[in-house]
Amino acid sequence: MVCTMAFLRALLSTARMIRHSPPLAAGLSADDAVLLDAPDERLSPALVAAALGEYEPAAELLAATRGSADWENRDRYLDRLVAFARGRDGWLVDWVAAAPRDPDALLVKAELSVRRAWESPARAERLREVGPLITAAADADPRDPVPWRLALDHARGTHATHTAFESLWEQAVRRSAHHYGCHVAALRYLSAAWYGSHRECFDFAEQAAADALPDSLVQALPVRAAFDLLLDTQAAGRTTSVLEERIDAAADLAIKLSAAYRPGDPWPAEVRNLLAYVLLARGRWAEALHQFNLIGLHATSFPWSSVSEDALGRFLDARDGARLQVASLTPLRDRAGHGRPRGHYA
């Protein structure tokens, strides 16, 4: 009897999946239309020019963010420009040669040097060697918090003490109290993988989110803490029962944050990708599918690259998995239809 009931449940689940899966897919972007880390309309020309060996559009873009104190976009654009420079840096070499004291050129050079040092087997030693580059970038424009985000990442890799890290953190938040990148850098330092614990991560993330401005991405810090915990426990085969309530609360807060932005908006795309991962891990299929609808075309490397070498493929698989799970749990017939006359094959 038990086996028969299990078989019947499997049949019903399959039938539901077949019936409801196509309508659920209608709200999702086609697989071949989804882009990984797609640049926005401001960054795209700078990347195209860099591919041609020209640095001027990148210089103009970063100078504009500095001039308007648009520190969040400055950090985001820096990340993408440096990712490109890791493979093709001729444009950056020319830029630094032409303007050796340019705050923007110094910042790109420092970030690229730090990333390359992180890849070295002698990471701590290499990072210490590039420390003066971070100092030069910070001194070039004392208002800019982005070099201090870089300094926080650098401190983590050089095994800086808590006291030294707190000193850097004070400098960072003095320049921008709610800078998302600096908060993420602090969260990484406090992670169980480095110098803290999962509880410390949640404590810091939840307090920062409570203090954040309305609709600030800093409100997504708890869901980042939740992701780190889930990744750690999945790898170790442990359960997360002690912190499950905090994981769900973090997801709930990120859902509210996501709702503040329009569907398909590239600005919160990484947060929505991260939220979708956490919701899937918690078995909250319908909510995860809704986030995939809001994501639209904007898949991001993080968090999918943390669990697969094929970030885009993992994103698409996760999206399909959410859709199929929701379809399999949707009743074959609307409950409102109960009691109506049915045909022989209804």
Side-chain angles (χ1 to χ4, degrees), residues 40 42-43 61-83 103-104 106-108 110-112 114-115 133-157 160 162 164-191 194 196 200-225 227-228 250 253-254 257-258 260-261 265-272 274-275 300 302:
D40 65 19
R42 296 176 67 192
L43 176 61
L61 175 63
L62 290 182
T65 62
R66 184 163 47 87
S68 61
D70 184 4
W71 307 126
E72 299 291 359
N73 268 321
R74 179 174 178 79
D75 207 0
R76 181 174 297 198
Y77 293 150
L78 172 68
D79 177 74
R80 296 300 308 282
L81 288 167
V82 169
D104 308 311
L106 289 173
L107 182 61
V108 179
E111 174 83 2
L112 179 59
V114 167
R115 290 199 193 182
L133 297 179
I134 301 172
T135 301
D139 290 344
D141 189 340
R143 303 170 306 141
D144 188 357
V146 181
W148 295 96
R149 188 272 302 158
L150 183 52
L152 292 170
D153 287 334
H154 178 266
R156 176 166 52 92
H162 278 55
F165 192 89
E166 287 172 7
S167 177
L168 295 172
W169 171 250
E170 181 183 353
Q171 294 292 332
V173 297
R174 183 181 298 174
R175 287 159 174 81
S176 180
H178 304 286
H179 186 262
Y180 180 62
C182 290
H183 280 78
V184 171
L187 194 68
R188 287 173 175 156
Y189 184 89
L190 291 171
S191 70
W194 288 93
E200 286 179 287
C201 269
F202 271 106
D203 289 345
F204 172 80
E206 289 166 355
Q207 186 59 60
D211 295 340
L213 298 172
D215 304 339
S216 167
L217 295 188
V218 171
Q219 293 182 31
L221 284 182
V223 86
R224 288 191 75 113
F227 171 75
D228 287 343
L253 180 60
L257 175 63
S258 175
Y261 294 91
D265 189 340
W267 177 251
E270 184 177 273
V271 167
R272 284 171 168 163
L274 177 61
L275 173 57
T300 58
F302 180 78

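Keep in mind that this is a model prediction, so the values were computed, not measured. Computation of the quantities below employed the complete heavy-atom set of this structure, encompassing side-chain atoms and omitting hydrogens, waters and symmetry-equivalent molecules.
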- Where do Phe204 and Trp169 land on the ring-ring contact (aromatic ring centres under 6.0 Å, His included) test, with the steps shown first? CA-CA 13 Å; Phe204 172 80; Trp169 171 250; 5.7 Å; yes
- Heavy-atom closest pair, residues Pro147 and Leu107: CG-CD1, 3.9 Å
- Show your reasoning for whether salt bridge (Lys or Arg N to Asp or Glu O under 4.0 Å) applies to Asp79 and Arg115. CA-CA 10 Å; Asp79 177 74; Arg115 290 199 193 182; 2.5 Å; yes
- Message: Apply side chain to side chain contact (heavy atoms under 4.5 Å, CB included) to residues Leu152 and Cys182 and explain how you reach the verdict.
- Response: CA-CA 7 Å; Leu152 292 170; Cys182 290; 4.2 Å; yes
- Leu78: which of Leu112, Leu61, Asp104, Val146 passes side-chain contact (heavy atoms from CB on, under 4.5 Å): Val146
- Task: Give the C-alpha distance, both sets of side-chain angles, the deciding distance and a yes or no for salt bridge (Lys or Arg N to Asp or Glu O under 4.0 Å) between Arg149 and Asp153.
- Result: CA-CA 6 Å; Arg149 188 272 302 158; Asp153 287 334; 3.0 Å; yes
- Message: Let's go through Leu217 and Trp267 carefully: what are the C-alpha distance in whole Å and the side-chain angles of both, what is the deciding distance for side chain to side chain contact (heavy atoms under 4.5 Å, CB included) to 0.1 Å, and is it a yes or a no?
- Response: CA-CA 9 Å; Leu217 295 188; Trp267 177 251; 3.8 Å; yes
- Message: With no hydrogens and no angle check, just 3.5 Å: does a side-chain donor-acceptor pair link Tyr261 and Asp215?
- Response: no
- For the residue pair Pro222 and Leu253, what are the closest heavy atoms and their distance? CG-CD2, 4.2 Å
- Residues Arg174, Glu170; criterion salt bridge (Lys or Arg N to Asp or Glu O under 4.0 Å); working and verdict: CA-CA 6 Å; Arg174 183 181 298 174; Glu170 181 183 353; 2.9 Å; yes
- Query: If you look at every heavy atom in Ala137 and Ala110, which pair is closest and at what distance?
  - Reply: CB-CB, 4.4 Å
- Verify side chain to side chain contact (heavy atoms under 4.5 Å, CB included) between His154 and Leu168, making sure each step is shown before the conclusion. CA-CA 10 Å; His154 178 266; Leu168 295 172; over 6 Å; no
- Query: So, the side chain of Arg175 versus the backbone of Pro142: is there a donor-acceptor pair under 3.5 Å, distance only?
  - Reply: yes
- Query: Is the side chain of Tyr180 donor-acceptor paired with the backbone N or O of Ala220 at a distance under 3.5 Å, no angle test?
  - Reply: no
- Is the backbone N or O of Ala164 less than 3.5 Å from a side-chain atom of Ser167, with the two atoms forming a donor-acceptor pair by type? no
- Taking all atoms of both residues into account, what is the closest heavy-atom pair of His178 and Glu72, and its distance? O-OE2, 3.4 Å
- Message: Using side chain to side chain contact (heavy atoms under 4.5 Å, CB included), reason through Leu106 and Leu133 one step at a time and then give a plain yes or no.
- Response: CA-CA 7 Å; Leu106 289 173; Leu133 297 179; over 6 Å; no
- Exercise: identify the closest heavy-atom pair between Leu221 and Ala208: CD1-CB, 3.7 Å
- Just by distance, do the side chain of Arg74 and the backbone of Ala69 share a donor-acceptor pair under 3.5 Å? no
